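Encoded as C-alpha cells, the structure appears first; notes follow it.
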Amino acid sequence: MHPDRTSTTRFAVPTDAALRAAGWQPGRWDIQQAEIWADTLRDHASPAGHRHAVFPAAVEAWAEFGGLHITPTGPGRQVAPAALHLDPLHGLHLARTLGDLGRALDTEVCPLGAETDTQALLAIDAAGRVYTLDHTGDWYLGPDFDHALAALVSGIEPTRLTAE
C-alpha cells in the first residue's frame with residue numbers, strides 16, 4: 001500500500017456492511033448506556049453470591065457497539081455467520097459461569113451479548129480477548145473485539161478452549 005494512503009474502513013467489507021446496516025458508524029460512543037449496563041452487572045449477585053467483573057475493555061466495547069443487532073448477509077467461510085445482539089444483559093444470570101471461565105483463563109470475563117440464533121453468550125476478558133460460550137463448550141474468537149466481530153460475521157470457525 002502506498003504510504004500516503006490509509007484504509008478507508010476499519011473493518012473488511014462484509015463486517016463493515018453488517019455493522020453499518022445495524023446502525024454503527026465510526027465514532028459511535030454511548031458511554032451513558034455503557035455505564036447503565038456496568039451498574040446493572042455490578043449490582044447483580046447470583047443466589048450463591050457470584051458477581052460480575054466489569055472493566056474498561058468491556059465498557060469500551062459496550063459504548064461503541066452496545067445495543068446493535070448485527071445480521072450478516074453473506075454465506076459463512078467455514079461455519080454459518082452469526083447474528084448478534086450486543087447487549088451484556090444476555091449474560092446477567094451467568095456470573096458464576098463467567099467467573100469460572102475467568103479463573104480458568106487467569107483473567108476476568110464479562111458479558112458482551114449473544115448470538116441470537118443459538119443464544120451462545122459472547123464475553124470479553126480484561127485484556128480485550130473475546131469468547132463465545134454455548135452448550136458445546138467455550139470458544140476463542142479473537143484477540144480483540146474487531147477480530148471477533150469479523151470472525152462471527154464472516155463465519156470463521158472459532159478455536160475451542162480446552163482444559164490444560
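Numbers here are sequence positions counted from 1. Worth saying up front: this structure is predicted, and the values here are computed from it rather than measured. Below, each value reflects all heavy atoms present in this structure, side chains not excepted, and no hydrogens, waters or symmetry copies.
Other residues, nucleotides and ligands place no more than 12 heavy atoms under 6.0 Å from the CZ atom of Arg96. At most 12 non-hydrogen atoms from other residues, nucleotides or ligands lie less than 6.0 angstrom from CG of Asp106. No more than 12 heavy atoms of other residues, nucleotides or ligands sit less than 6.0 Å from atom CD of Gln32.
Using a 4.0 Å cut-off between a side-chain N of Lys or Arg and a carboxylate O of Asp or Glu, Arg51 and Glu108 do not qualify as a salt bridge.
Interatomic distance, Leu161 CG to Leu105 CG, rounded to the nearest 0.5 Å: 6.0 Å. In this structure, the separation between CG on Leu94 and CG on Leu121 is 5.5 Å, given to the nearest 0.5 Å. Distance check: Thr15 OG1 to Leu152 CG gives 9.0 Å after rounding to the nearest 0.5 Å. Between the CG atom in Leu141 and the OG1 atom in Thr132 there is a gap of 5.5 Å [rounded to 0.5 Å]. Of the inter-residue distances, the one linking Arg129 atom CZ with Phe145 atom CZ reads 16.0 Å to the nearest 0.5 angstrom.
In this structure, Gln78 contributes its side chain and Ile156 its backbone to no donor-acceptor pair below 3.5 Å. With Arg28 contributing its side chain and Glu64 its backbone, the two residues share a donor-acceptor pair below 3.5 Å.
Side chains of Asp144 and His147: a donor on one and an acceptor on the other come within 3.5 Å. For the residue pair His90 and His85, a side-chain donor N or O sits within less than 3.5 Å of a side-chain acceptor on the partner. Using modelled atom types and a 3.5 Å distance limit, the side chains of Tyr131 and Asp125 yield a donor-acceptor pair. Side-chain contact annotation: Trp29 with Glu60, donor-acceptor N/O pair under 3.5 Å absent.
At a threshold of 4.5 Å between non-hydrogen side-chain atoms, the residues Asp138 and Arg160 do not count as touching. Looking only at side-chain heavy atoms (C-beta outward), His44 and His93 come within less than 4.5 Å of each other. By the 4.5 Å heavy-atom criterion applied to side chains, Leu98 and Cys110 are not counted as neighbours. Within the 4.5 Å cutoff, the side chain of His52 has no heavy atoms near those of the Ser46 side chain. Within the 4.5 Å cutoff, the side chain of Leu112 has no heavy atoms near those of the Phe65 side chain. In this structure, the side chains of Phe11 and Asp146 come closer than 4.5 Å at one or more pairs of heavy atoms. At a threshold of 4.5 Å between non-hydrogen side-chain atoms, the residues Leu92 and Leu41 count as touching. The closest side-chain heavy-atom distance from Trp37 to Pro88 is below 4.5 Å.
If you run side-chain contact (heavy atoms from CB on, under 4.5 Å) between Trp139 and each of Val130, Asp134, Leu133, only Asp134 comes through. Paired with Leu84 under the rule side-chain contact (heavy atoms from CB on, under 4.5 Å), one option of Leu68, Leu149, Thr116 passes, and it is Leu149.
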Could you go through the side chain to side chain contact (heavy atoms under 4.5 Å, CB included) check for Trp62 and Val54 one step at a time? CA-CA 11 Å; Trp62 303 335; Val54 175; 4.2 Å; yes

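Between Val109 and Gly102, the shortest heavy-atom distance links the atoms CG2-CA, 3.6 Å. The two residues Ala82 and Pro72 make their nearest non-hydrogen contact at O-CG, 3.1 Å. Taking all atoms of both residues into account, the shortest heavy-atom contact from Ala63 to Ala34 is N-CB, 3.8 Å.
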